[in-house]
Amino acid sequence: MSVDQAWARTVPASVAREAILSAVLRPLIAFYAARTVTGLDQLARVAAPVVLVANHASHMDTPLILGALPWAWRRRTAVAAAADYFYTRPLLARTVSLAFNTVPVERKGEAVVAGAAPLLDRLLDERWSLLVFAEGTRSREGSVGRLRSGAAVLAAEHGLPIVPVYVSGTHAVMPAGRRWMRRGPDRRRQRARIAFGPPVHAQPGAHRTDTMERVRQFFESQGAVTTPDKRIVAQRRRAQAA
């Protein structure tokens with residue numbers, strides 16, 4: 001039996017979600033963190049649907065990214081969420097589905113979207129954009145771990161662009177293992193930034209890791225400490241040795 005909460009994509013659920021994000025979560029987060037958004041003009045360069053690929057350091061990342069999206073994008077964006085974390089308890093599954101329009105995915109190896117392909121394929125065919133945290137889990141140090149390539153495969157199969165989204169500052173406010181947000185040592189609000197990057201289109205014949213490498217490079221350009229894929233590192237070593 002599927003654990004997907006399809007009702008969360010109905011119009012009444014969308015209206016309720018907008019109220020939760022705008023009237024509850026946005027002012028609550030603003031008490032702890034001052035938000036800055038850059039790169040929204042990048043969304044004007046593409047037509048929905050797209051695959052939004054973000055780094056992940058905190059449970060704050062999802063509401064911050066959704067809140068940064070223009071309403072026309074936000075209302076038609078689903079969030080890939082770990083089935084083994086968010087969908088093991090019915091109440092939690094219903095809560096995150098309503099609040100963030102999540103869909104369950106299995107975290108297995110490279111294919112961070114493995115096991116959910118039919119559902120995600122259907123959503124993309126129905127012109128929903130999809131937000132994917134390509135590391136597969138939250139960073140424990142705040143740096144960006146190796147990006148899994150399932151999002152690149154999904155985007156290539158549907159002929160869709162990837163829009164990189166880099167989130168910074170959330171690790172300081174609410175790192176993995178912490179149950180609630182916190183202000184800075186001086187009790188002032190901390191800073192969080194959401195940056196949308198240039199659309200990444202898979203090149204003909206390109207390997208999926210080459211596509212994700214361009215996402216990683218955008219994260220790095222925003223000041224992130226990143227982890228290149230082993231295949232990319234090996235390519236560079238061979239090129240230097242040649």
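If you take CG on Leu160 and NE2 on His158, they are separated by 7.0 Å, rounding to the nearest 0.5 Å. Interatomic distance, Glu220 CD to Glu213 CD, rounded to the nearest 0.5 Å: 8.0 Å. Of the inter-residue distances, the one linking Leu21 atom CG with Leu28 atom CG reads 12.0 Å to the nearest 0.5 angstrom. Here the CE-CD1 distance, from Met212 to Ile162, works out to 5.5 Å after rounding to the nearest 0.5 Å. Separating the OG atom in Ser149 from the CG atom in Leu154 is a distance of 11.5 Å, to the nearest 0.5 Å. In this structure, Asn101 CG and Arg76 CZ are separated by 9.0 Å, a value rounded to the nearest 0.5 Å.
Between the side chains of Thr137 and Tyr85, no donor-acceptor pair of N or O atoms lies under 3.5 Å. Side chain to side chain, Arg214 and Gln217 fail the donor-acceptor criterion of an N or O pair below 3.5 Å. In summary, the side chains of Thr209 and Arg231 do present a donor paired with an acceptor at a separation below 3.5 Å, with no hydrogens or angles considered.
Aromatic rings from Phe100 and His59 are positioned such that their centres are separated by 6.0 Å or more.
The neighbour count for Arg191 CZ, taken as heavy atoms of other residues, nucleotides or ligands under 6.0 Å away, does not exceed 12.
Side chain of Arg74 to backbone of Leu69: a donor-acceptor contact under 3.5 angstrom is found. Of the possible polar contacts, one joining the Arg178 side chain to the Trp180 backbone as a donor-acceptor pair under 3.5 Å is found. Judged purely by atom type and a 3.5 angstrom limit, Thr170 has no side-chain atom pairing as donor or acceptor with the backbone of Met60. Side chain of Arg17 to backbone of Leu98: a donor-acceptor contact under 3.5 angstrom is found. Panel note: side chain Arg189, backbone Ala30; a donor-acceptor pair is recorded below 3.5 Å.
Here the side chains of Thr227 and Ser143 are not in contact, with every heavy-atom distance at 4.5 Å or above. By the 4.5 Å heavy-atom criterion applied to side chains, Val163 and Val51 are not counted as neighbours. In this structure the side chain of Tyr87 reaches within 4.5 angstrom of the side chain of Ser97, judged on heavy atoms. By the 4.5 Å heavy-atom criterion applied to side chains, Thr77 and Ser129 are counted as neighbours. Put simply, the side chain of Glu135 reaches to within 4.5 Å of the side chain of Val144, judged on heavy atoms. Within the 4.5 Å cutoff, the side chain of Trp71 has heavy atoms near those of the Glu18 side chain. By the 4.5 Å heavy-atom criterion applied to side chains, Gln5 and Thr102 are not counted as neighbours. Arg182 is listed as a side-chain neighbour of Gln190, based on a closest heavy-atom distance under 4.5 Å.
Follow the hydrophobic side-chain contacts under 4.5 Å out from Val15 and you never reach Val96; the two are in separate clusters. Cluster annotation: Leu40 is connected to Leu66 through the hydrophobic network of ILVMFWY side chains, with a link wherever side-chain heavy atoms come within less than 4.5 Å. Both Val200 and Phe219 are assigned to one and the same hydrophobic cluster, defined by single-linkage of ILVMFWY side chains at heavy-atom distances under 4.5 Å. Cluster membership for Trp73 and Val11, using ILVMFWY side-chain heavy atoms within less than 4.5 angstrom, is not shared. Residues Leu25 and Phe31 fall within the same hydrophobic cluster, defined by Ile, Leu, Val, Met, Phe, Trp and Tyr side chains chained together at heavy-atom separations under 4.5 Å.
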- What's the verdict on side-chain contact (heavy atoms from CB on, under 4.5 Å) for Val167 and Arg193, showing C-alpha distance, side-chain angles and the deciding distance? CA-CA 6 Å; Val167 185; Arg193 183 168 66 94; over 6 Å; no
- Apply side-chain contact (heavy atoms from CB on, under 4.5 Å) to the pair Leu147 and Val215, showing each step before the final yes or no. CA-CA 9 Å; Leu147 303 180; Val215 175; 4.0 Å; yes
- Message: Could you go through Thr62 and Phe133, starting from their C-alpha distance and side-chain angles, then the distance that decides it, and tell me whether this counts as side-chain contact (heavy atoms from CB on, under 4.5 Å)?
- Response: CA-CA 9 Å; Thr62 298; Phe133 294 106; 3.3 Å; yes
- Can Trp7 and Arg94 be said to form a side-chain contact (heavy atoms from CB on, under 4.5 Å), step by step? CA-CA 9 Å; Trp7 58 267; Arg94 290 192 291 269; 4.0 Å; yes
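In this structure, Arg9 pairs ionically with Asp4, as a charged nitrogen and a carboxylate oxygen lie closer than 4.0 Å.
Taking every heavy atom of both residues into account, Asp61 and Asn55 meet most closely at OD2-O, 4.0 Å. Between Ser139 and His171, the closest heavy-atom pair is O-CD2, 4.0 Å. Closest non-hydrogen pair, Gly67 versus Arg26, comes out as O-NH2, 3.1 Å. Contact between Arg75 and Ser14 at its shortest, heavy atoms only, is CB-OG, 4.3 Å. Contact record, Leu130 with Ala80: CD1-N, 4.0 Å, taken as the closest heavy-atom pair. Phe218 approaches Ala195 most closely through the heavy-atom pair CE2-O, 3.6 Å.
Under the side chain to side chain donor-acceptor pair (under 3.5 Å) criterion, His201 pairs with no residue at all, not counting sequence neighbours. Residues passing the side chain to side chain donor-acceptor pair (under 3.5 Å) test with Tyr166: none are found, sequence neighbours excluded.
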